Protein chains: 2
Amino acid sequence: MHKEIDPAIRKSPLFAGISDQELLYLMNCLRPKTYTYKRNDYIAVEGSSFDSIGILLYGEATVSKENASGNRVIISTLKPGSMFGEMFVFSGQTLWLSTIQAQKNSAVIFLQRDKIIGECGNVCPWHKKLIWNLLKIISDRAIMLNKKVEYLTIKSIKGKIAAFLFEQYSTFGSSTFVIPMKRKEMAEFLNVSRPSLSREMSRMRDEGIIDYHMSAFKILDPDRLKKYL
Amino acid sequence: MHKEIDPAIRKSPLFAGISDQELLYLMNCLRPKTYTYKRNDYIAVEGSSFDSIGILLYGEATVSKENASGNRVIISTLKPGSMFGEMFVFSGQTLWLSTIQAQKNSAVIFLQRDKIIGECGNVCPWHKKLIWNLLKIISDRAIMLNKKVEYLTIKSIKGKIAAFLFEQYSTFGSSTFVIPMKRKEMAEFLNVSRPSLSREMSRMRDEGIIDYHMSAFKILDPDRLKKYL
DNA sequence: TTAAAACGGTAACAACGGATACCGATTTTT
DNA sequence: AAAAATCGGTATCCGTTGTTACCGTTTTAA
């Protein structure tokens, strides 16, 4: 039986709302496997078989994928507490679609698909919480992607700007707000070039619809802004 | 206790791999609530509280959403067996984000969040299967959306065509294949206009990279096709 | 505090993609 | 089999967006 909880584990939203004591029981039930890797070791290789969620305990690792033109592209970097594979483990996918490589000496704890759903004879409340958390994580991802698709589907830059500013407007609940992005990031988020974004924004300013300075925005005429949507 | 299984229920992937007999037990455990609606009745109203997945048993209903400019837009139409709310029920979302309205006399069976995770004392195998199915459905949606984002992020039409054809190429495993779409659908999928799609495709044909007739395609020069990615 | 780097706005130009209209090919309906 | 509807390709035109380059402003580092 596990004796102590790795602090990286506590960072994972997968175990949110589960006490240390419960987590010990849960680990006993999940019987996870921990492996250690040296710098540059492969943690998972694209195309190899796959049945677990992984959580990085310490170290650092990169997730990369071969794109259609045959180049390997780093998609993301994993830090202690980062989870990977959670979107695929219940999708029917049996092979890794990306390669994960340790960039420093690292350790990963693997939670098997079947054990997550539960093999322990009785339903433990912490196990239910685990499943709830997993459902929440994947649902939130799907919702986020759905929103991203909405933005990307808008064709005109002004339409994107309007949608973006309305989103901020309604989350801040005020017509003046500061966005948490630089222009370059905003341009990347909206999938347009930075000069084009600046040009369209200044046109909207000329029209008296919005005003802004750096990251501080003010919506002057919400009705006309709406028309761009 | 439920005595029989509604045939619409059987269509839902949520209950895939669960036998009729098991499904009866499961229903006893889930204790779903069924409501009937007359044409034009509201099944759910944007902003009202929310704790269940719904499955349409018979009839027809529309899912609509108010966009930022204040117009109501129909997102999808539900048919018998269609599920709704599954992406939100475990997301922490407590209010409906869309309005669902019956278009014909309809009935809906609601499965409560808490009951799905399981309140029955012992773990029944069919209950595990249910959770597995739900995880699979939401994961598949997230994966699909992820792929969609990949396509939408590509800026040039030729790039989109190349990515699309490579995808078909690798799934069919052959350089000749028939796609399951008409031009109009393909254009919508890639988020471009149909004439623009035709123009770019015929340019690529002129260049000797691909050949096609209606829905039948042939990749002539994969290497040059790759360069568009 | 000053120098360097990063950030943001602007302008000119070219490339790209959308709108529209039309026509022939293909499929569906009768 | 003929008529109608749908589908797909093409041409023209024009608005939109990206590219590049430059410069002033703001932030960061020395």
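As the structure is a computational prediction, the values presented were derived from the model and not from experiment. Proteins get letters first, then strands, A, B, ... in listed order; numbering begins at 1 in each.
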What's the CZ-P distance between A:F217 and C:dG9, to the nearest Å?
8 Å
What about the rings of B:F189 and B:Y151, do their centers lie closer together than 6.0 Å?
yes
On a plain distance test, is the side chain of A:R199 in donor-acceptor contact with the base of C:dG8 below 3.5 Å?
no
So, OP1 or OP2 of C:dT10: does either fall under 4.0 Å of a side-chain N or O from A:S198?
no
Between A:T62 and A:Q103, do the side chains contain a donor N or O and an acceptor N or O under 3.5 Å apart?
yes
Quick test of your reading of the model: are B:K182 and B:E185 salt-bridged, counting only N-O distances below 4.0 Å?
no
Phosphate OP1/OP2 of D:dT26 contacted by A:H213 side-chain N/O (<4.0 Å)
yes
Does D:dC7 have OP1 or OP2 under 4.0 Å away from a side-chain N or O of B:R194?
no
Would you classify A:S193 as touching base, sugar-phosphate or nothing, given that sugar-phosphate means primed atoms plus P, OP1 and OP2, and contacts are heavy atoms under 4.0 Å?
base
Let me know the distance between NZ of A:K182 and P of C:dG8, rounded to the nearest Å.
6 Å
Centre of B:Y212's six-membered ring, under 6.0 Å away, within 45 degrees of the axis: is that where NZ or CZ of B:R205 sits?
yes
Atom-to-atom span, NZ of B:K155 to C1' of D:dT16 - whole angstrom
13 Å
Roughly how far, to the nearest 0.5 Å, is CG of A:N191 from CD1 of A:I154?
11.5 Å
Please state how far atom CE in A:M186 lies from atom P in C:dA6, giving the value in whole angstrom units.
22 Å
Roughly, in whole Å, what's the span from CD in A:E200 to P in C:dA11?
13 Å
D:dT17, OP1 or OP2 - any side-chain N/O from A:S196 closer than 4.0 Å?
no
Hey, which sits more toward the 5' end of DNA chain D by its nearest nucleotide, A:N191 or B:M181?
B:M181
Quickly work out the B:R183 CZ to D:dG8 P distance and round it to whole Å.
6 Å
Name every residue in residues 203-212 of chain B that has at least one heavy atom under 4.0 Å from any atom of DNA chain C, in order of residue number, or write none if there are no such residues.
none
So if I take every side-chain heavy atom of B:P195 and compare against D:dT20, C:dA21, C:dG18, which nucleotide ends up nearest?
C:dA21
Rounded to whole angstroms, how far apart are OH on A:Y228 and P on D:dT17?
11 Å
Between B:K129 and B:E22, does any NZ, NE, NH1 or NH2 come within less than 4.0 Å of an OD or OE carboxylate oxygen?
no
Can you sort out the partners of A:F88 under ring-ring contact (aromatic ring centres under 6.0 Å, His included), two or more places apart, ordered by chain and number?
none
Residue mapping more 5' on DNA chain D - nearest nucleotide basis, A:L197 or A:M214
A:L197
Check the distance between C:dC16's C1' and B:M201's CE and give it to me in whole angstrom.
18 Å
